[in-house]
Amino acid sequence: MYCGRMAAHMGWGIIEEEGWRKGPWTSEEDRLLIEYVRLHGEGRWNSVARLAGLKRNGKSCRLRWVNYLRPDLKRGQITPHEESIILELHARWGNRWSTIARSLPGRTDNEIKNYWRTHFKKKAKVPSDASDKGQNTRLLRRATISSSPAATTTATAAATTIAAD
DNA sequence: AATTGTAGCAACCGCGAAGTT
DNA sequence: AAACTTCGCGGTTGCTACAAT
């Protein structure tokens, strides 16, 4: 989270060829995006530029909102309890970050992904079989989502149990 | 004290799924 | 029904701060 302001000097590409700004968000941009969502709700990200005067493409806006500006985000350090859930669910499902995130209210897939990578990746060469990379992962997503409510509950319960232990 | 290495995180990209017209 | 647009995911990068030498 750095110490508050870290977008002081953005060192990388500022304006893209098509006119889209890139790189770290300024507090002014954040304000515009927050105001946009307040007025129009989440979604329609591609029209943010038009309706809010933000020189960002929809993808960038959505990412910023979902990972940083959403009011229901928890922020702050991952708790030991949350960590155990992450470990448990990752052991079950691998890098299915968004699915894992659904079991951790206020946490984003990006946050969980970053956390796991920085804390565990180097140590564990992916314990189980990492042969599931690529297409299978993608194709399995729908099925996983379909069965996720029950699975989520079960796994969450398991993780909770372990954590409580 | 200065330089090089590492950690951690915000944000980017490509691509496929989902939605729209 | 097909073409086109938007969304969402997972992997990766680029940058800053901090640690080590």
Side-chain angles (χ1 to χ4, degrees), chain A residues 1-34 36-37 40-52 54-79 82-83 86-87 89-104 106-126 128-149 151-152:
Chain A
M1 75 185 109
Y2 291 107
C3 353
R5 281 286 93 63
M6 71 103 203
H9 21 19
M10 45 195 135
W12 62 350
I14 297 179
I15 302 234
E16 264 281 301
E17 198 175 314
E18 299 162 33
W20 300 122
R21 272 182 54 82
K22 291 171 74 171
W25 280 64
T26 65
S27 46
E28 174 61 18
E29 288 177 312
D30 283 346
R31 252 178 259 124
L32 289 171
L33 181 53
I34 289 169
Y36 168 85
V37 172
H40 302 96
E42 299 185 35
R44 301 290 105 91
W45 300 114
N46 43 293
S47 58
V48 174
R50 198 171 353 109
L51 299 177
L54 246 177
K55 299 292 189 298
R56 295 268 181 176
N57 63 25
K59 201 170 187 176
S60 182
C61 292
R62 176 190 164 274
L63 190 75
R64 183 62 178 175
W65 176 258
V66 168
N67 285 334
Y68 200 87
L69 297 178
R70 257 169 48 206
D72 53 319
L73 285 179
K74 187 171 290 181
R75 314 277 317 146
Q77 201 178 331
I78 300 281
T79 67
E82 288 172 321
E83 179 183 294
I86 291 171
L87 286 172
L89 298 188
H90 186 273
R92 298 270 176 282
W93 300 330
N95 302 355
R96 206 131 326 302
W97 307 115
S98 67
T99 305
I100 294 173
R102 282 175 208 123
S103 296
L104 293 165
R107 300 300 187 182
T108 69
D109 52 358
N110 204 239
E111 190 176 13
I112 293 168
K113 176 173 59 182
N114 280 336
Y115 185 82
W116 190 88
R117 278 177 52 80
T118 56
H119 286 257
F120 307 111
K121 177 167 185 179
K122 286 189 175 178
K123 314 180 180 182
K125 197 76 187 281
V126 179
S128 53
D129 68 324
S131 56
D132 183 41
K133 290 199 69 170
Q135 295 234 338
N136 272 344
T137 294
R138 237 77 190 212
L139 294 175
L140 280 170
R141 194 166 73 211
R142 291 216 301 172
T144 304
I145 290 173
S146 299
S147 61
S148 77
T152 300

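Chain A is the first sequence line, chain B the second, and so forth, proteins listed ahead of strands; every chain is numbered from 1. In this text the structure is predicted, and so the values were computed from the model without any measurement.
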Counting side-chain heavy atoms from C-beta on, which of [options] comes nearest to [X]?
X      : options               : value
A:T118 : C:dT13, B:dC9, C:dG10 : B:dC9
A:W97  : B:dG8, C:dC9, C:dG10  : C:dG10
A:R64  : C:dC7, B:dA10, B:dC12 : B:dA10
A:N46  : C:dC7, C:dG11, C:dC9  : C:dC7
A:K22  : C:dC9, B:dC13, C:dT12 : B:dC13

Has [X] got a side-chain N or O lying under 4.0 Å from the OP1 or OP2 atom of [N]?
X      : N      : result
A:R75  : B:dC9  : no
A:S60  : B:dA11 : no
A:R96  : C:dC9  : no
A:N110 : B:dC9  : no
A:R44  : B:dG19 : no

Trace of the side chain to side chain donor-acceptor pair (under 3.5 Å) decision for A:Y68 with A:T108: CA-CA 9 Å; A:Y68 200 87; A:T108 69; over 6 Å; no

Under-3.5 Å donor-acceptor pair between A:K59 side chain and B:dG14 base: yes

Under 3.5 Å donor-acceptor pair, A:N114 side-chain atoms to B:dA10 base atoms: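 Result: at least one qualifying N/O pair found.
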
Give the rounded distance in Å between these two atoms: [atom1] of [X] and [atom2] of [N].
X      : N      : atom1 : atom2 : answer
A:I112 : B:dA10 : CD1   : C1'   : 16 Å
A:D109 : B:dC9  : CG    : C1'   : 14 Å
A:N67  : B:dC13 : CG    : C1'   : 15 Å
A:W116 : B:dA7  : CH2   : C1'   : 16 Å
A:N57  : B:dC13 : CG    : P     : 8 Å
A:R21  : B:dC12 : CZ    : C1'   : 14 Å
A:R117 : B:dC12 : CZ    : P     : 17 Å
A:W25  : C:dT16 : CH2   : C1'   : 21 Å

Contacts of A:R44 that satisfy salt bridge (Lys or Arg N to Asp or Glu O under 4.0 Å) - sequence neighbours left out: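 None.
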
Partner residues of A:K59 under the salt bridge (Lys or Arg N to Asp or Glu O under 4.0 Å) criterion, sequence neighbours left out: none

Inter-residue atom distance A:R56.CZ - A:W20.CH2, 0.5 Å rounding: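 The CZ atom of A:R56 sits 11.0 Å away from the CH2 atom of A:W20.
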
Distance-only polar pair, side chains of A:E82 and A:Y115, donor-acceptor under 3.5 Å: no

